[in-house]
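Okay, so here's the structure we're looking at.
Throughout, protein chains are lettered first and strands after them, A, B, ... in sequence-line order, and every chain is numbered starting at 1.
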Amino acid sequence: MTGQAERRIALIAAVDATLAVEFDGDGAELSRRWLPAGELSGWVAAREAEGPVRWVIRTAHDFLPQLLRDGVRVNRIHDLLLCHAVLRDTAAVPHPLPASPSWVRREPSDDAPALFDVVDAEDSGASAEDVLDQYRAQLRVIEEAEDGRLRLLCAAESAGALIAEEMHVAGVPWHAQTHDEILTATLGARPPGGGPPRRMVELAEEIREHLGDRSLNLDSQPKLLRALHRAGVLAESTSKWELAEYDHPAIAPLLEYKKLSRLLSANGWAWLAEWVHGGRFRPTYVVGGVVTGRWASSGGGALQLPRALRAAVRADAGWKLIVADVAQLEPRMLAAMAGDEAMAHAARGRDLYAGVVESGAVSTREEAKYAVLGAMYGATTGDSGRLVPRLRKVYPRAMALVDDAARAGEDGGVVSTRLGRSSPKPSAHWQQLQSRATDADAGEADVAVARRRARDWGRFTRNFVVQGTAAEWSLIWLAEIRHRLQQLPDAATAAPASALFAHRAHLAFFLHDEVILHVPEEQAEAAAAAVREAAAVATRRLFGGFPIDVPLDLRIAESAEK
DNA sequence: ATCGTGGGCGCG
DNA sequence: AAAGCGCGCCCACGAT
């Protein structure tokens, strides 16, 4: 934060121009001017150069693509759509934001307008008065939380929106040749005339032979299941967990086939051709796409890249990757949120699960892992469910926090993250089920169904507080990383990696608790330090002085391969 | 032909 | 080795 006062300028899109309205901290208008289409980027860049500005915009995607295309980066925004969702649902203040349909993000991809979508001033947004009124209303809610939680949450959410747009433009450096080599080594060569690769053809032949059905379509679940039954494998499904239980010569090649088939269909040559261009994979991130505050993605399965392909994430010549993730972020958040000193003590150092074992609650690391995950997810059966009660003895405060969250959900209530993002209310249908079950003439079946749905929702709210707070930590981490990278000077030696980030370290990928940076070689150490400092700041912003370790696994490398 | 759904599996 | 949270995507299949 600089000491200089922050200017606030709203940008409102119209047909061929943009209206820029500057206003003061009380929302009073100071000036207003129209910027013809060709002048927006230059004008914005000039205002940025004068000192800190917060750009108030309907949503990042309205302006950032064009600004970034023109090589202009801004430092702070307020994304009204994203903050509307947060402030409308928050239970952190007595008077949350009134819901307004015009400030709800439209679900069908706002990325590319459909062919016949009319994008006019009315459709793409709102009048200047609408924008200013909405921003003022949001500020009132933000101010109502005297501890600044909502201010931090909205700033972090907005920074995320900005970073998501920048990462889309930057892309993940992707080495197509490495990807192709992995595919060929795993799946076998592609036949010149098309069709499945060699290794899959061989496996399919082998499986059909063992199952005695020469024309079996292995990709049809019902047909495969019937063939397995005929061969004496009486599985109820064709999932790999279940199949692995059976002893039959077809099983091993079948499991291998399913693995290869998945790789081919999800991230095979077709994926490579569709999603990697010019050495970059450009996923579209959907900030706040998950109710807990996590990001979702659309296109290319960005958040499901298989580990086997990580070797294809490779820095450009003269550049490096910083690959960093947090080990066991969620239980660490839980310990800190609950102020559970004992659990925080177990979390000291790299491996929280080892600490849980040392506490005497369980005897092996595996048990610790299942117990902790079971506590956060609400496991009731299996080994995980059996281990959870042991944690209640050792970490009563942490367990009380998640147990209370679950109870609130079962009762139809709302729970909140550390910064005040609140869970949605259960659906009207859910509430009907519950009230019907309490009627005098409710049947046993009604009661059972209601009970089950109540527990389902309780597991959701139990996890919400933990997953959502972890998402907040990660957003602040991201924002602080970007802030520090902005302070680094341009690198002198590295070849330009892209037009926008020619000589600059930049964020390239984000996945819940992990980041990948693409950085000029000479700045690798400085960028790594930025990532570490940012993590420390995120922890302090969320939990003040509470002593919780959030250690990073960080390496500087050519590729993202483990 | 096109759409919605469920099984299955990748990620955290 | 599983079942307990959150996702997106591919495929086959049945309904339209």
Side-chain N or O of A:T292 less than 4.0 angstrom from OP1 or OP2 on C:dC5? no

Within the 4.0 Å heavy-atom criterion, would you say A:L305 contacts the bases, only the backbone, or no part of the nucleic acid? sugar-phosphate

Proximity of A:W174 and A:F509 rings by center, below 6.0 Å: no

Looking at A:W271 versus A:H179, is the centre-to-centre ring distance below 6.0 Å? yes

Once you round it to whole Å, what is the distance between C1' of C:dG6 and CG of A:L373? 13 Å

Closest to the A:T381 side chain, choosing from C:dA3, C:dC13, B:dC11: C:dA3

If I take atom CG in residue A:L264 and atom P in nucleotide C:dC11, what distance separates them, rounded to the nearest angstrom? 8 Å

Looking only at side chains, do A:Y395 and A:S359 share a donor and an acceptor under 3.5 Å apart? yes

Along DNA chain C (nearest heavy atom to each residue), the more 5'-positioned of A:A266 and A:E245: A:E245

What does A:W295 touch in the nucleic acid at a heavy-atom separation under 4.0 angstrom: a base, only the sugar-phosphate, or nothing? nothing

Nearest to side-chain heavy atoms of A:Q467, which nucleotide of C:dA1, B:dG12, B:dC9: B:dG12

Give a yes-or-no answer on whether the side chains of A:E367 and A:S363 include a donor-acceptor pair shorter than 3.5 Å. yes

Counting the atoms with a prime plus P, OP1 and OP2 as sugar-phosphate, which does A:R262 contact under 4.0 Å by heavy atoms, base, sugar-phosphate, or nothing? base

Centroid-centroid distance, A:W275 to A:W269, less than 6.0 Å: no

Under 4.0 Å between any heavy atoms, over every strand shown, what does A:D219 touch: base, sugar-phosphate, or nothing? Just pick one. sugar-phosphate

So for atom CZ, which belongs to A:R453, do other residues, nucleotides or ligands contribute more than 12 heavy atoms lying within a distance under 6.0 Å? no

Without hydrogens or angle criteria, can the side chains of A:E165 and A:H61 be said to hold a donor-acceptor pair below 3.5 Å? yes

Mind checking A:R307 for me? I need base, sugar-phosphate or nothing, with any heavy atom below 4.0 Å counting as a touch. sugar-phosphate

Looking at A:R397, I'd like to know if its CZ atom is crowded, meaning that more than 12 non-hydrogen atoms belonging to other residues, nucleotides or ligands lie closer than 6.0 Å. no

If you look at every strand shown and take non-hydrogen atoms under 4.0 Å, does A:G299 touch a base, only sugar-phosphate, or nothing? sugar-phosphate

Looking at C:dG4, which nucleotide sits across from it as a Watson-Crick or G-U wobble partner, both distances under 3.5 angstrom, or is there none? none

Nearest whole Å is fine: how far is C:dG4 P from A:R386 CZ? 12 Å

A:G385 near the nucleic acid: base, sugar-phosphate alone, or nothing, with a heavy-atom cut-off under 4.0 Å? nothing

Taking the side chain of A:K240 as its heavy atoms from C-beta onward, which of C:dA12, B:dC9, B:dC11 lies nearest to it? B:dC9

Rounding to an integer number of Å, can you tell me how far A:E274 CD sits from C:dC10 P? 8 Å

Residues within residues 326-338 of chain A bordering DNA chain C, heavy-atom distance below 4.0 Å: none

Would you indicate what A:S261 reaches in the nucleic acid, counting non-hydrogen atoms under 4.0 angstrom: base, sugar-phosphate, or nothing? nothing

Any N or O donor-acceptor pair linking the side chain of A:Q221 to the base of B:dG8 at under 3.5 Å? no

Using OP1 and OP2 only, check whether a side-chain N or O of A:K259 sits under 4.0 Å from B:dG10. no

Among the nucleotides B:dG10, C:dG6, C:dC11, which one has an atom lying closest to any side-chain atom of A:S265? C:dC11

Whether over 12 other heavy atoms sit under 6.0 Å from A:K258 NZ: yes

Spacing between A:Y257 atom OH and C:dC10 atom C1', to the nearest angstrom: 13 Å

Ignoring the backbone of A:F460, work out which of C:dA12, B:dG12, C:dG6 is nearest its side chain. C:dG6

N/O donor-acceptor pair, side chain A:R294 with base B:dG12, under 3.5 angstrom: yes

A:A296 side-chain proximity, nearest of C:dC7, C:dG6, B:dG8: C:dC7

Length of the line joining A:L260:CG and B:dG8:P, which is rounded to integer Å: 18 Å

Taking OP1 and OP2 of B:dG8, is either one under 4.0 Å from a side-chain nitrogen or oxygen of A:T238? yes

Answer with base, sugar-phosphate or nothing: what part of the nucleic acid does A:G382 contact at a heavy-atom distance below 4.0 Å? nothing

Across the strands shown, which category fits A:S297 at heavy-atom distances under 4.0 angstrom: base, sugar-phosphate, nothing? sugar-phosphate

